[in-house]
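Below you'll find the structure, written out as structure tokens, and then a few comments.
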Amino acid sequence: MSAGQHDDDGVAEDGAGDEAAAASIGPRQTIVAFPNGPLLVRGDFDIVDPDGNQLRRSRKTVALCRCGASVIKPYCDGSHKLIGFKTEPES
Amino acid sequence: MKQPEPRGPVSSLLLATLNGPEQSSPEAPSTASDLAPAVRDAVAATNDFAFDDDLQLTLFCLFELHYSGIDGTSGDWEWNPDLIAARRFLEQAYEAQLRSATTLPELPAPTSADVAAGLFELTGADGGPSMAKYVAKQATEEQIGEFLIQKSIYTLKEADPHTWSIPRLTGRAKAAMVEIQADEYGGGVPERMHSALFAQSMRGVGLDDGYGHYVDDVPAITLASSNLMSLFALNRRLRGAIVGHLAAYEMTSSLANRMYARGFRRLGFNDAVAAYFDEHVEADAVHEQIAGRDLAGGLVEAEPDLLSDVFFGAAAAAVVDTWMTEHILDAWKVGSSSLRSSASVIA
Ligand code: FES
């Protein structure tokens, strides 16, 4: 809601303004790599197939499976716990 | 919520009191001041608070004044000091029982990563009988209807208790709670609210989806499971416990809901009925990560003193859930109903 209002006051007119705004409110997208679990993707993004078609998506923040065991790929369904999936320690 | 049937002297007294005016007058003397002493005596006399029908219903009604209210009674009762005094006796008794019934694991370091890992370990431990396995493989059509009825007491207001915690949290924990709750409430789409999806499941199997419709049919332990959340949610000092409770619910949800969905499809119910359970498989795989690291972990990093209450809340969720599951499965295994009356099964 407030992002649109800020655009109107001219602060974000040029690229430098965009960067400054982004820096002040945090990144626009993040991928959080959870130890022994999924990749949590938060922010402004699309999930598409190789032809660019949007995949079914029913929430803003999603968890993408990286253990291979989910039955609702590309999303995580908690199966990583059943198979004892372990990630390498984050470096 | 509709007025429930009383289950004993204390709930009778409460409901009679609520049906009068809140302001006592010579013409209409209120019985409100009799309530706290009656509750105190009944609490001293009960031998199992969680399974005491009269006291759990009394507590449920007192909490309900803060949610949907009770039909036909004055809204002024919500903060009546006599009622709050009675509620305090009930809350103290319940909290004491829960504290002695839970065993806390060795507490981790008060960091986000360690709190999340500790909660995953606690909630991943074998927790006794499994409702999810039973529903997936064996439940009959009548039992699966009872399962929805038992669940409806909380689920038709799903997420509401935990929402009370938002103003008591700050920073990372608050943002995490709001992110989870926004998803619980459908991300702005009323039909996708989890409570609305659950109502759709109830209608799909021929049940009434009115809030509190089945309150007279469920046993004390089902009310106790809902009261647990309200107890943690309406007392600011227990904000660690309500956060731990939510984390435990999220961490035990995805896999169980996959099995519930399987049970409904096994019995031939359609996707609209299973949608609530399908939604939780995906949603709670997201929520459990946020709840472990950002919500519980974030809270403990901000307020390290709350570490043990976070684990108490998670452990209490598991204990009460096990009591409720045992009650239901014990009835089903001998071919009985888990409800108090069998008046209201699938139409
Ligand atoms: S990462 Fe969760 S199911 Fe694969």
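So you know, we letter chains A, B, ... as the sequences are listed, proteins then strands, and number each from 1.
In this model, a donor atom of one side chain and an acceptor atom of the other lie less than 3.5 Å apart for T61(A) and E179(B).
The pair D209(B)-R203(B) meets the salt-bridge criterion, with a side-chain N (NZ, NE, NH1 or NH2) lying under 4.0 Å from an Asp/Glu carboxylate O.
Using a 4.5 Å cut-off between heavy atoms, S79(A) contacts chain B through both its backbone and its side chain. The contact between A283(B) and chain A is made by backbone and side chain atoms together, counting heavy-atom distances below 4.5 Å.
For the pair R57(A) and F45(A), the cation sits on the ring face: its NZ or CZ lies under 6.0 Å from the ring centre, inside 45° of the axis.
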* To do: Give the intermediate values and the outcome of ring pair (Phe, Tyr, Trp, His ring centres under 6.0 Å) for residues Y249(B) and H245(B).
  => CA-CA 6 Å; Y249(B) 260 33; H245(B) 183 283; 4.3 Å; yes
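Comparing V281(B), I290(B), V189(B), L255(B) by how many heavy-atom pairs each has under 4.5 Å with chain A, the most go to L255(B).
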